[in-house]
Amino acid sequence: MKSFTSLALGLVSLTSAVSGTAIVRDSFKAPAPGPGQASSIYNGANNGTLKNGPIVPGKSFDRIINIWLENTDFEDAATLSQFQKVAEQGVLFDSYYAVTHPSEPNYMASAFGDFFGLGDDDFWYIPNNITSLFDVLNDGKVSWACYEENMPFTGYQQFNYSQPNYVSSNATKPYTYYVRKHNPCAFAQEAGTNADYAIRNRNFNDFAADLNASTLPQWMFITPNMVDDAHDSTIQYAGNWTDWWLLPLLDNPKFNDNRTLILLTFDENEDYGENNRIFTVALGGGLPANLKNTTDSTYYTHYSSISTVEANWGLKNLGRGDVQKGMNNVFDWVATATGFKNENLTGDAIPFTNLTGIFNGPFNPDQTTLFYAPNDTNVIGAGGQAVLVKDGLDKSITLATVKPVNMTAMHTVSPFDSISHEYATANPVAVGGNRAVNATTGSAASLSSKDGASSIVINLSLLAVVGVSSMAVLL
Ligand SMILES: *[C@@H]1O[C@H](CO)[C@@H](O)[C@H](O)[C@H]1NC(C)=O
Ligand SMILES: *[C@@H]1O[C@H](CO)[C@@H](O)[C@H](O)[C@H]1NC(C)=O
Ligand SMILES: *[C@@H]1O[C@H](CO)[C@@H](O)[C@H](O)[C@H]1NC(C)=O
Ligand SMILES: *[C@@H]1O[C@H](CO)[C@@H](O)[C@H](O)[C@H]1NC(C)=O
Ligand SMILES: *[C@@H]1O[C@H](CO)[C@@H](O)[C@H](O)[C@H]1NC(C)=O
Ligand SMILES: *[C@@H]1O[C@H](CO)[C@@H](O)[C@H](O)[C@H]1NC(C)=O
Ligand SMILES: *[C@@H]1O[C@H](CO)[C@@H](O)[C@H](O)[C@H]1NC(C)=O
Ligand SMILES: *[C@@H]1O[C@H](CO)[C@@H](O)[C@H](O)[C@H]1NC(C)=O
Ligand SMILES: *[C@@H]1O[C@H](CO)[C@@H](O)[C@H](O)[C@H]1NC(C)=O
Ligand SMILES: *[C@@H]1O[C@H](CO)[C@@H](O)[C@H](O)[C@H]1NC(C)=O
Ligand SMILES: *[C@@H]1O[C@H](CO)[C@@H](O)[C@H](O)[C@H]1NC(C)=O
Ligand SMILES: *[C@@H]1O[C@H](CO)[C@@H](O)[C@H](O)[C@H]1NC(C)=O
């Protein structure tokens, strides 16, 4: 029943990712007067500025800004002048790999150190006993936020958001600019139940406010909208966005100072038939000057962006990809500065990470497991510390002990898959009261029915209870 729907959706999204659907043929249109300015095109008004604690000094940098573009083979970015220009400002990593396909599991991996078997872009959520990088950062008092272009309001939890098409002037239908699958701050159950967490799931009008008020946090994730990130457009379009957005911000000391590291990367490559190498540049005033306009061929993955952060601030770890030797290599100069030993992989030793949907895990309908604990919670990570463990974690359930079941064959659906795509409206603490605010007028904006703003569908706590009991029956 339900499972067939999600299977079909999975196939559709896989096909479009493989064939590289490029819907928008128009040339780049600036969505705002400037990268640090609010825009009515973003609909949602800014909801205050972030309140962060004192700056926690890092061993190599005090701020890291992750910027993710979409679905591009290494060569396709490397041969474009816009990206060559960016590379000249920093160090080009030419052996940097995404961890799987399609998009969502990569965004998940960037914040959770695992993708829990996920091989699609559906509406999944991660329960409270499973740590994220955000928990690790909180534990070290390092402030963080995601900034999502065209997300209508702070703490938004819906599957996507559509609004009038600002790119094609003759378009008649609303366009989907924001998608949850590209937002690492939206995957945890806590994103909808903890106001302190939800306030850090922010939009680009919030970015403008935080930038101008000097309240940007120490760890940031930037998700451009579906055309600006190349997903629905072309790499040339995203190159023009990068020119327009990133280059001026490099000269803005409220964004980039001499302790700022910027990581421009891609979620995954485009061609599933090749290994998953992605164009990645580290730049910013916090990059050692001698590395500017150089290439580093050390093997890195999305897990490196976690272990590098752990090493920099001496943080606890997640006990997942962030402690997996080789895949967790720390950016070379940070490894040197923190005494971390990398295991460089070259040639045939580089694992294939172009594998999709074949892994056991709670998010694989065909090989579903319970949410598992890290293999070893005593393992010391790049920060020189052990695993951060949250309440409610059963350490006896690990990837080695879980027994997968085929939920597809059983015609049932994981309790962690909100196939209605709308559980979030049942969450009481959504910041901004689940109302989009019109950035121009300050009054409530009208949302299309697609946004599900008025429907209450699934209650999370009920899901959790159902989850535990139905899984118990299955196992
Ligand atoms: C990118 O910018 C260049 C230079 O302005 C322009 O010639 C080109 O058409 C633009 N391409 C896209 C896809 O926006
Ligand atoms: C980067 O290096 C190349 C050649 O190695 C040089 O032509 C170019 O001017 C350099 N760019 C910058 C911004 O230093
Ligand atoms: C808009 O008009 C141009 C030029 O006629 C056409 O190529 C394009 O397909 C139109 N776009 C839409 C979304 O209708
Ligand atoms: C970094 O910037 C700070 C503040 O502007 C300044 O005091 C310091 O001297 C700079 N350090 C270096 C190495 O440039
Ligand atoms: C992954 O990439 C390798 C090397 O290019 C290729 O041989 C293999 O067929 C690809 N795997 C899949 C599942 O496409
Ligand atoms: C990793 O291996 C590549 C390829 O041999 C090499 O270019 C790079 O310098 C190595 N990195 C380190 C840190 O040894
Ligand atoms: C984590 O919590 C979920 C939801 O309550 C539960 O199904 C799962 O078994 C727990 N996993 C571990 C390792 O504690
Ligand atoms: C944990 O153990 C499983 C096998 O039981 C292995 O596949 C996985 O790579 C291990 N994870 C880490 C982070 O070492
Ligand atoms: C799970 O069940 C489905 C439907 O019966 C089947 O197509 C699929 O091959 C099974 N997968 C595994 C890993 O057993
Ligand atoms: C947006 O969400 C709706 C409701 O879940 C879904 O039907 C639609 O396919 C989604 N569109 C995109 C482009 O993600
Ligand atoms: C901002 O968030 C608070 C909750 O933190 C909420 O009460 C308020 O309505 C929001 N304001 C706007 C303009 O969305
Ligand atoms: C916001 O207000 C402006 C001016 O009244 C209006 O044109 C626009 O459609 C509104 N946007 C939304 C999403 O309601």
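The chain is numbered in sequence order, starting from 1. We count ligands from 1, going down the list as the structure has it; atoms in each ligand are counted the same way.
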### Query
Under 3.5 Å between some N or O of ligand 9 and some N or O of Thr408?
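Min N/O separation from ligand 9 is not below 3.5 Å for Thr408.
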
### Message
Considering both backbone and side-chain atoms of Gln367, is one of its nitrogen or oxygen atoms within less than 3.5 Å of a nitrogen or oxygen in ligand 9?
### Response
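N/O-N/O distance below 3.5 Å does not exist for this pair.
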
Look at the rings of [X] and [Y] and say which category their plane angle falls in: under 30° parallel, 30 to 60° tilted, over 60° perpendicular.
| X | Y | answer |
| --- | --- | --- |
| Tyr97 | Tyr299 | tilted |
| Phe207 | Trp245 | tilted |
| Trp68 | His302 | parallel |

### Task
List the steps, then state whether side-chain hydrogen bond (donor to acceptor under 3.5 Å, both in side chains) holds for Thr215 with Asp210.
CA-CA 5 Å; Thr215 56; Asp210 290 341; 3.1 Å; yes

### Query
Does Pro31 reach the side chain of Trp244, with side-chain heavy atoms less than 4.5 Å apart?
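A side-chain contact under 4.5 Å exists here.
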
### Query
Do Tyr237 and Phe28 have ring centroids that are under 6.0 Å from one another?
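Between Phe28 and Tyr237, the centre distance is under 6.0 Å.
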
### Task
Taking side-chain contact (heavy atoms from CB on, under 4.5 Å) as the test, write out the residues that go with Gln324, two or more places apart.
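Per chain and number, Gln324 pairs via side-chain contact (heavy atoms from CB on, under 4.5 Å) with Met327.
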
### Message
Which protein residues come within less than 4.0 angstrom of ligand 6, counting heavy atoms only?
### Response
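These residues qualify: Ser297, Thr298, Asp332, Asn344, Thr346.
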
#### Entry: Polar atom proximity, Glu88 to ligand 2 (N or O, under 3.5 Å)
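Looking only at distances, the answer is yes, because the N/O contact criterion of under 3.5 Å is met.
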
### Query
Numbering the atoms of ligand 9 from 1, which are under 4.0 Å from a heavy atom of Ala409?
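Listed by number with element, the hits are 2 (O), 5 (O).
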
### Query
So, Asn138 and Trp144: side-chain donor and acceptor under 3.5 Å apart, yes or no?
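Present: a donor and an acceptor within the cut-off.
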
